[in-house]
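Each remark here refers to the structure printed beneath this line.
One-based numbering along the sequence shown. Keep in mind that what you see is a predicted model, and the values were worked out from it rather than measured.
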Amino acid sequence: MNQFRVKKRPTGAAVTLGRLGHPEIVTATGGALTVVTAASEPGFNPLDLLYSSLAACLALSARIAASRMGVLDRFEKVTVHVSGEKAEEEPSRIVRFDIRIAIEGDFDGPTRDAIAHAAEDICTVSNTLRGDAEFILSIAG
């Protein structure tokens with residue numbers, strides 16, 4: 001019997017921030033990004049990254065859902081827009097995500113709905129945000 005090992009893709013991200021300047025993100029997969037800190041600066045701030053991660057995950061998951069449902073050949077494009085509402089009281093957090101999914105292709109309404117709802121179930125980011133993930137903090141000097 002052949003044993004296959006699936007090589008896991010590296011995960012994680014590290015942020016470095018000095019006394020001055022912007023946070024620099026480097027991912028285990030080789031991505032790099034400078035985070036902006038002022039609302040008027042072009043680029044990604046931490047909330048943009050949160051919303052973008054959810055939107056990207058849902059878009060990819062919609063395509064996966066269409067494939068699983070056997071309708072990928074009719075799938076043209078998906079556009080996901082995510083915004084949210086911050087809590088007025090402490091602790092600082094997002095209390096509501098507003099998600100708009102537009103699925104283009106030769107689909108009726110029920111099929112579009114099924115793809116969108118399946119995408120929510122498939123998406124690791126939405127499942128994590130709805131869940132109760134454990135945070136383990138290590139502090140180094």
- Query: Does Ile99 share a hydrophobic cluster with Leu129, counting links as ILVMFWY side-chain heavy atoms below 4.5 Å and allowing steps through other members?
  - Reply: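 Yes; Leu129 is reachable from Ile99 via cluster members.
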- Query: Val125, Val78: one ILVMFWY side-chain cluster at the under-4.5 Å cut-off?
  - Reply: yes
Measure the spacing between [atom1] of [X] and [atom2] of [Y] and express it to the nearest 0.5 Å.
X      : Y     : atom1 : atom2 : value
Arg96  : Glu85 : CZ    : CD    : 4.5 Å
Ile101 : Leu58 : CD1   : CG    : 5.0 Å
Thr111 : Arg74 : OG1   : CZ    : 6.0 Å

Backbone of [Y] reached by a side-chain donor or acceptor of [X] within 3.5 Å:
X      : Y      : result
Ser53  : Leu49  : yes
Asp48  : Asn45  : yes
Ser126 : Glu120 : yes

- Item | Any side-chain heavy-atom pair of Val35 and Pro46 under 4.5 Å | yes
- Message: Going by disulfide bond (SG atoms under 2.5 Å apart), name the pairs with one or both residues in residues 28-107, residues two or more places apart or in two chains.
- Response: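 Sorted pair list: Cys57-Cys123.
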- Message: Tell me whether Arg100 is salt-bridged to Asp98, with the criterion being a basic N under 4.0 Å from an acidic carboxylate O.
- Response: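 Looking at Arg100 and Asp98, the cut-off is not met.
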- Message: Between Thr124 and Asn127, is the side-chain hydrogen bond (donor to acceptor under 3.5 Å, both in side chains) condition met? List the steps.
- Response: CA-CA 5 Å; Thr124 301; Asn127 288 326; 5.7 Å; no
- Listed by chain and number, what are the salt bridge (charged side-chain N to carboxylate O under 4.0 Å, His left out) partners of Glu41, not counting sequence neighbours? none
